[in-house]
Amino acid sequence: MLTIALLALLCASASANDIQARASSYNGEYGGGGGERFSHSGYQLEGPITAIRVRVNRYYIVGLQVRYGKVWSDYVGGTDGHLEDIVLHPGESVIQVSGKYYDYLRKLVFVTDKGRYLSFGEDVGTSFSAVPLYPNAVLRFISGRASTLINAIGLHWGAYPK
């Protein structure tokens, strides 16, 4: 009887681990080569994405910064162009990211689960569209490569944090 109980516990534990492993996915990198690698993976521990700051110039996405909970990530990219800030509503999450790139990132569009489209940059270049692989997942953090512009972006999806 004890053996059966232990076996059932092990099976339940393995199933829970399989479900957790399937809750996250990755899309990217979208963009050109070059730049220094960056990752916001540690910032996701601060909470969900609550704001996005994008610096754009006439042709490119120049820089990125994301607020996780109440903490802003390090800024990546250059200083040319103007900053645009978008604050997400409480409980709102990014569920799709699309854009365009050539040698550098040219356009980003963040789509939220509240139906908002947050668009930055110019509509020129090779298109991409990224969504989570599993249902009920949201954008948890970004990674990529940056120099004086954003060279490339990667999108990391997972379950909305409790």
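A donor-acceptor pair shorter than 3.5 Å can be found between the side chains of Ser143 and His156. In summary, the side chains of Ser129 and Gln96 do present a donor paired with an acceptor at a separation below 3.5 Å, with no hydrogens or angles considered. In the model, Thr112 has a side-chain atom that pairs as donor or acceptor with a side-chain atom of Glu92 under 3.5 Å.
Panel note: side chain Ser25, backbone Leu133; a donor-acceptor pair is recorded below 3.5 Å. Of the possible donor and acceptor atoms, one in the side chain of Asn151 sits under 3.5 Å from a partner among the backbone N and O of Gly33. Checking side-chain atoms of Arg106 against main-chain N and O of Tyr60 turns up no donor-acceptor pair under 3.5 Å.
Follow the hydrophobic side-chain contacts under 4.5 Å out from Ile153 and you never reach Tyr104; the two are in separate clusters. Both Ile150 and Val97 belong to a common hydrophobic cluster when Ile, Leu, Val, Met, Phe, Trp and Tyr are linked at side-chain heavy-atom distances under 4.5 angstrom. Neither Val66 nor Leu45 shares a network with the other; the hydrophobic side chains, linked directly or stepwise wherever heavy atoms of I, L, V, M, F, W or Y lie under 4.5 Å apart, form separate groups for each. Linking Ile, Leu, Val, Met, Phe, Trp and Tyr residues whenever their side-chain heavy atoms come within less than 4.5 Å places Val54 and Ile86 in a single cluster. Under a hydrophobic-cluster definition in which Ile, Leu, Val, Met, Phe, Trp and Tyr are linked whenever side-chain heavy atoms come within less than 4.5 Å, directly or via other members, Ile52 and Phe38 are assigned to the same cluster.
With values rounded to the nearest 0.5 angstrom, Asn27 atom CG is found 11.5 Å from Ser98 atom OG. The distance from the OG atom of Ser73 to the CD1 atom of Ile142 is 6.5 Å, given to the nearest 0.5 Å. Rounding to the nearest 0.5 angstrom, the gap separating the OG atom in Ser93 from the CZ atom in Phe110 is 13.5 Å. With values rounded to the nearest 0.5 angstrom, Ile95 atom CD1 is found 10.0 Å from Lys114 atom NZ. One finds the CG atom of Leu108 at 6.0 Å from the CG atom of Leu64 (value rounded to the nearest 0.5 Å). Atom CD1 of residue Ile49 and atom CZ of residue Arg67 lie 11.5 Å apart, to the nearest 0.5 angstrom.
Note: Tyr30 and Phe128 have parallel aromatic rings, judged against thresholds of 30 and 60 degrees for the angle between ring planes. Under the 30°/60° scheme for interplanar angles, the aromatic rings of Tyr43 and His40 are found to stand perpendicular.
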### Task
Check the pair Tyr102, Val124 against side-chain contact (heavy atoms from CB on, under 4.5 Å), reporting the backbone distance first and the verdict last.
CA-CA 8 Å; Tyr102 185 60; Val124 176; over 6 Å; no

### Query
Should Lys107 and Tyr101 be marked as a side-chain contact (heavy atoms from CB on, under 4.5 Å) after you check the CA-CA gap, both sets of side-chain angles, and the distance that decides it?
CA-CA 7 Å; Lys107 180 179 181 110; Tyr101 64 91; over 6 Å; no

### Message
Using side-chain contact (heavy atoms from CB on, under 4.5 Å), reason through Lys100 and Glu122 one step at a time and then give a plain yes or no.
### Response
CA-CA 8 Å; Lys100 297 207 176 210; Glu122 293 299 314; over 6 Å; no

### Task
Evaluate side-chain contact (heavy atoms from CB on, under 4.5 Å) for Phe141 paired with Ser39, printing each intermediate quantity in order.
CA-CA 8 Å; Phe141 69 95; Ser39 175; 3.8 Å; yes

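A salt bridge does not link Glu84 with Arg53: none of the charged nitrogens is closer than 4.0 Å to a carboxylate oxygen. Note on Glu29 versus Arg145: salt bridge recorded, some NZ/NE/NH1/NH2 to OD/OE distance being below 4.0 Å.
The shortest side-chain heavy-atom distance between Val131 and Val111 does not fall under the 4.5 Å cut-off. A 4.5 Å side-chain heavy-atom check between His82 and Val56 finds at least one atom pair inside the cut-off. Inter-residue side-chain proximity for Leu118 and Val94 is flagged as unmet; no heavy-atom pair is nearer than 4.5 Å. The side-chain heavy atoms of Leu139 and Leu155, taken from C-beta on, include a pair separated by under 4.5 Å.
Around the OH atom of Tyr59, the shell of radius 6.0 Å holds no more than 12 heavy atoms that belong to other residues, nucleotides or ligands. Within 6.0 Å of atom CG in Asp103, more than 12 heavy atoms from other residues, nucleotides or ligands are found, so the atom counts as buried in its surroundings.
Looking at every heavy atom in both residues, Gly35 comes nearest to Ser147 through CA-CB, 4.2 Å. For Asp80 against Arg55, the heavy-atom pair with the smallest separation is O-CD, 3.0 Å. Residues Tyr68 and Gly47 approach most closely at CB-O, 3.7 Å, considering heavy atoms. For the residue pair Gly77 and Ala146, the shortest heavy atom distance occurs at N-CB, 3.9 Å. Between Ala152 and Gly32 the shortest heavy-atom distance is CB-O, 3.9 Å.
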